[in-house]
2 protein chains.
Amino acid sequence: MDQEIEDIQTQSEVQDEILLAALKLFVEKGYFNTSLIDIKDAAGIKTTATIYQHFKTKQMLAAQLHANILDSLNVSIDDIKRKNEKPSEQLRGIVDLLFKLTDEAPDVMQFLLIVNVNEFLPDAKPRHESTPFIKIIRIIEAGVKAGELRSITPQLGYAEFFGIIENILRLVLTGFFDRKADFYQSQAWLAAWNTIVKK
Amino acid sequence: MDQEIEDIQTQSEVQDEILLAALKLFVEKGYFNTSLIDIKDAAGIKTTATIYQHFKTKQMLAAQLHANILDSLNVSIDDIKRKNEKPSEQLRGIVDLLFKLTDEAPDVMQFLLIVNVNEFLPDAKPRHESTPFIKIIRIIEAGVKAGELRSITPQLGYAEFFGIIENILRLVLTGFFDRKADFYQSQAWLAAWNTIVKK
DNA sequence: GTCTATACGCCGATAGAC
DNA sequence: GTCTATCGGCGTATAGAC
């Protein structure tokens with residue numbers, strides 16, 4: 001926790017501006033269509049050299065951004081797990097979070113659901129080996145053991161449940177659905193929940 | 001139809017080799033990590049200049065590849081529609097096709113499900129405005145009208161049904177699932193079908 | 001029509017003045 | 001520590017020889 005506070009403190013305002021600008025541009029135009037000049041302009045700093053005072057390379061910048069987003073998601077999931085005992089409630093909490101993020105921080109969700117991270121961060125773990133992902137699989141596993149969910153492999157349970165959730169959010173983010181994510185949440189939950197609930 | 005035959009005839013062997021090599025590399029490393037040198041090597045031709053005899057630019061090459069894949073999918077869907085009358089049977093046929101493609105032409109499916117086409121083809125229609133996509137929505141719409149499917153908007157039906165199907169295929173393609181797509185097909189169909197069937 | 005050689009621009013990265 | 005100026009390299013694209 002001390003470490004966490006320190007990380008936050010050592011991240012200067014400028015650094016945050018750069019990361020925020022990069023996030024916006026990466027989801028908008030893609031990593032390779034975004035030059036350091038673009039990031040410099042969007043971040044409101046004067047030269048690209050400033051970026052190099054905070055990040056060793058463009059790739060390291062992206063890696064930092066990626067890590068921040070996964071960490072933040074990870075913290076939120078831990079929080080949800082702490083506040084809810086039953087796996088069904090934990091899943092509900094995660095779905096709530098994802099829908100809220102889609103409306104309130106669409107760039108973050110687009111980075112998570114649409115951007116192909118391994119294309120510019122070849123050393124990044126594949127999505128399904130990331131900590132948040134593994135935690136979700138564990139929750140489903142616990143739900144099966146506790147008898148709340150029907151007897152399937154947690155992997156398949158994930159595929160079915162989050163297949164629906166993530167696809168709906170993706171369609172909101174890409175503008176196929178014209179309402180806010182919030183509008184679809186209850187229907188999405190119902191459909192997703194029905195694929196895994198023990199009846 | 002005459003036009004179609006002519007298109008096929010005017011596509012030389014070399015051109016096909018180039019397109020095939022490009023497809024492989026684009027899904028493997030991404031469009032921007034693939035140079036014309038890479039394509040030249042993979043296609044077994046001698047110089048990059050040869051590529052320019054067949055395509056005006058690298059981007060046009062990618063556009064042609066994209067169009068070919070969508071066209072081919074489109075033809076297959078028309079075929080399925082012709083051979084099956086009921087919307088449920090048509091959906092079944094499309095699911096069969098997608099699972100078969102995942103095992104037999106994973107590059108094509110990866111291009112369809114994972115590659116972010118608009119990043120290098122900014123003028124390409126968004127996924128949900130493409131012909132195959134629209135046809136699928138229409139099938140679901142027809143299923144609702146015919147009373148086979150429960151009363152939902154075709155858009156939401158698509159999101160739920162193909163959310164499951166596509167997510168499972170994506171997880172097969174990325175190696176999260178260790179078996180061939182075929183292994184998961186019946187469970188996938190069942191789960192997806194249950195989200196939209198009228199009970 | 002085929003290939004060599006090269007032009008040209010863009011971008012990531014850095015050296016070095018202040 | 002802040003910015004200017006620039007380097008080096010890569011990759012697309014083309015000119016022109018054969």
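Computation of the quantities below employed the complete heavy-atom set of this structure, encompassing side-chain atoms and omitting hydrogens, waters and symmetry-equivalent molecules. In what follows, chains are A, B, ... by sequence order, proteins preceding strands, each numbered from 1.
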In this structure, how many angstroms lie between the [atom2] atom of [N] and the [atom1] atom of [X], rounded?
| X | N | atom1 | atom2 | value |
| --- | --- | --- | --- | --- |
| A:I51 | C:dT14 | CD1 | C1' | 14 Å |
| B:K46 | C:dA5 | NZ | C1' | 17 Å |
| B:K40 | D:dG11 | NZ | C1' | 13 Å |
| B:N33 | C:dC11 | CG | C1' | 15 Å |
| A:Y52 | D:dA5 | OH | P | 18 Å |
| A:F32 | C:dC10 | CZ | P | 19 Å |
| B:L36 | C:dA7 | CG | P | 19 Å |
| A:M60 | C:dG12 | CE | C1' | 15 Å |

* Taking the six-membered ring for Trp, are B:F32 and A:F120 ring centroids under 6.0 Å apart? -> no
* Asked: Does a side-chain N-to-carboxylate-O contact under 4.0 Å join B:R127 and B:E166?
  -> yes
* Hey, is A:R92 close enough to A:D96 for a salt bridge, meaning N to O under 4.0 Å? -> yes
* **More than 12 heavy atoms of other groups within 6.0 Å of B:K100 NZ** => no
* Asked: Phosphate oxygens OP1/OP2 of C:dT2: is one of them under 4.0 Å from a side-chain N or O of B:Q53?
  -> yes
* Most 5' of B:T50 and A:K58 on DNA chain C, judged by nearest nucleotide -> B:T50
* If you pin A:D38 and A:K56 to their nearest nucleotides in DNA chain C, which one's is more 5'? -> A:D38
* Taking side chain as C-beta onward, heavy atoms only, is A:E28 less than 4.5 Å from A:D107? -> no
* Asked: Taking the side chain as C-beta and beyond, is there a heavy-atom pair between B:W193 and B:I164 under 4.5 Å?
  -> no
* Looking for any heavy atom pair under 4.0 Å, which part of the strands does B:S35 touch: base, sugar-phosphate only, or nothing? -> sugar-phosphate
* Relative orientation of the end axes in the helix from C:dG1-D:dC18 to C:dC18-D:dG1, expressed as an angle to the nearest 10° (five pairs per end) -> 20°
* Working for salt bridge (Lys or Arg N to Asp or Glu O under 4.0 Å), residues A:D78 and A:K81 -> CA-CA 5 Å; A:D78 284 342; A:K81 286 182 72 175; 5.5 Å; no
* Closest listed nucleotide, where the reference is the side chain of B:T57 and the choices are C:dT4, C:dT14, D:dA13 -> D:dA13
